[in-house]
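Worksheet: the structure to be examined is printed underneath.
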Amino acid sequence: MFTKASAPLRRIFRTATVTVAAVTMVTTATACSSGGSSGGDGQIAIISKGYQHQFWKAVNKGAEESAKELGRTITFEGPDNETQVEKQVQLLQTAIDRNPAAIAIAALDSAAVAPILQQAKDKGIPVVAFDSGVDSDIPVTTASTDNKAAAAEAAKRMVELIGGKGEIGVVAHDQTSRTGVDRRDGFTEWIKANAPGVKIVDVQYGGDPAKAADLAATMMQAYPNLAGLYGTNEGAATGIVNAAQRANKPSIKIIGFDSGAAQIDAIRSGLMAGAITQTPVGIGRETVSAAVKAIKGESLPKTIDTGFYWYDKTNIDDPKIAGSLYR
């Protein structure tokens, strides 16, 4: 039994106590945030496609809200942009190595992540796909917009806007993710099946606004009678708007996908005819809810349709629509 410690020892004890307290505070704060590390302690590891678009911040918001309500903690991370497939694969591998309670993945490349998910299955970690599907049966469910149906709605609106005839082009954000493929194919297939007077003259790929602007500018030069352009995500759509402004082509009907300040402003000003919005906060909420059910061993449908809306200047302020928009 200690009676009275010397002054040096008392200083050591005080230092150790402060250090332990500091570590405890950091660990607690991390566990309550969306950026903590997991040690198999019930966290849900969420891997998104990136951070450059406000869409993912809205998904993160919904995920955090749901996690708080359900008494869970999450990590939410993604590569710097949506071209970094290898970086996303690395993040997924690191997440699996942490042995979380569940993993949610929005795949940049639906095929690239599939082999790694087998590791999660082997460790008994349930996997939920969101936004984009995965070329694998391992995910217990996929929470996403029906992107083919949403793109078909965009095609229908485009045909109405250009009077049922004319040349149109597509700038898709990629051709590797399920969302990129479905938003392209849903649009082009509807046009081919229902609008004989409309010709799709070109399909290019670029989800970054600067690249999309260059692609759209080249398309407008190659096809001077272009009547409409469709961008399959926030970056592609805003890039098209920028290119049309620079080329002084206000007659071209532009339809986008997703939301964000640039698209909202373009629709209000008339530079963009309208866009399809998903429900990003809802996607985040449904993803976490599904992960918690999977952790508990509850059954889930193969897909969870998170819905979509068409919006333009006539309904952009409708509360039902406004709740799914983000700046």
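A donor-acceptor pair under 3.5 Å is formed between the side chain of Q88 and the backbone N or O of L108. A donor-acceptor contact shorter than 3.5 Å is absent between the side chain of Q263 and the backbone of T238. Between the side chain of S324 and the main chain of T277, no donor-acceptor pair closer than 3.5 Å is present. Checked by atom type and distance alone, the side chain of N315 pairs as donor or acceptor with a backbone atom of W310 at under 3.5 Å. Side-chain atoms of Q84 come within 3.5 Å of backbone N or O of D80 as a donor-acceptor pair. Here the side chain of T306 pairs no donor or acceptor atom with the backbone of A143 at under 3.5 angstrom. For S110 (side chain) and S177 (main-chain N/O), no donor-acceptor pair under 3.5 Å exists by modelled atom type. Between the side chain of Y326 and the main chain of S259, a donor-acceptor pair closer than 3.5 Å is present. The backbone N or O of I168 sits nowhere less than 3.5 Å from a side-chain atom of K199 that would complete a donor-acceptor pair. Looking at D265, its side chain never comes within 3.5 Å of a backbone N or O of A262 through a donor-acceptor pair.
For NZ of K296, the number of neighbouring non-hydrogen atoms (other residues, nucleotides, ligands) closer than 6.0 Å is 12 at most.
A donor atom on one side chain and an acceptor atom on the other are found under 3.5 Å apart for W56 and E82.
Counting only heavy atoms from C-beta outward, the side chains of N81 and D208 never approach each other to under 4.5 Å. Looking at heavy atoms from C-beta onward, T145 lies out of side-chain contact with D182 at the 4.5 angstrom threshold. Contact of the I316 side chain with the L325 side chain is registered, since non-hydrogen atoms from C-beta on lie closer than 4.5 Å. With contacts defined as side-chain heavy-atom distances shorter than 4.5 Å, the pair E189/K148 qualifies.
For residues 48-59, the salt bridge (Lys or Arg N to Asp or Glu O under 4.0 Å) pairs, not counting sequence neighbours, are K49-D131.
Here the shortest heavy-atom pairing between A195 and V159 reads CB-CG2, 3.7 Å.
Under the 30°/60° scheme for interplanar angles, the aromatic rings of F76 and F130 are found to be tilted.
Among the candidates V128, V292, T75, L70, the single residue satisfying the side-chain contact (heavy atoms from CB on, under 4.5 Å) test with I44 is V292. Residue N147 forms a side-chain contact (heavy atoms from CB on, under 4.5 Å) with just one option from T179, T232, D185, V181, and that option is T179. When each of V127, T287, L300 is paired with T141, the side-chain contact (heavy atoms from CB on, under 4.5 Å) condition holds for L300 and for no other.
To the nearest 0.5 angstrom, K313 atom NZ is 10.0 Å from R268 atom CZ.
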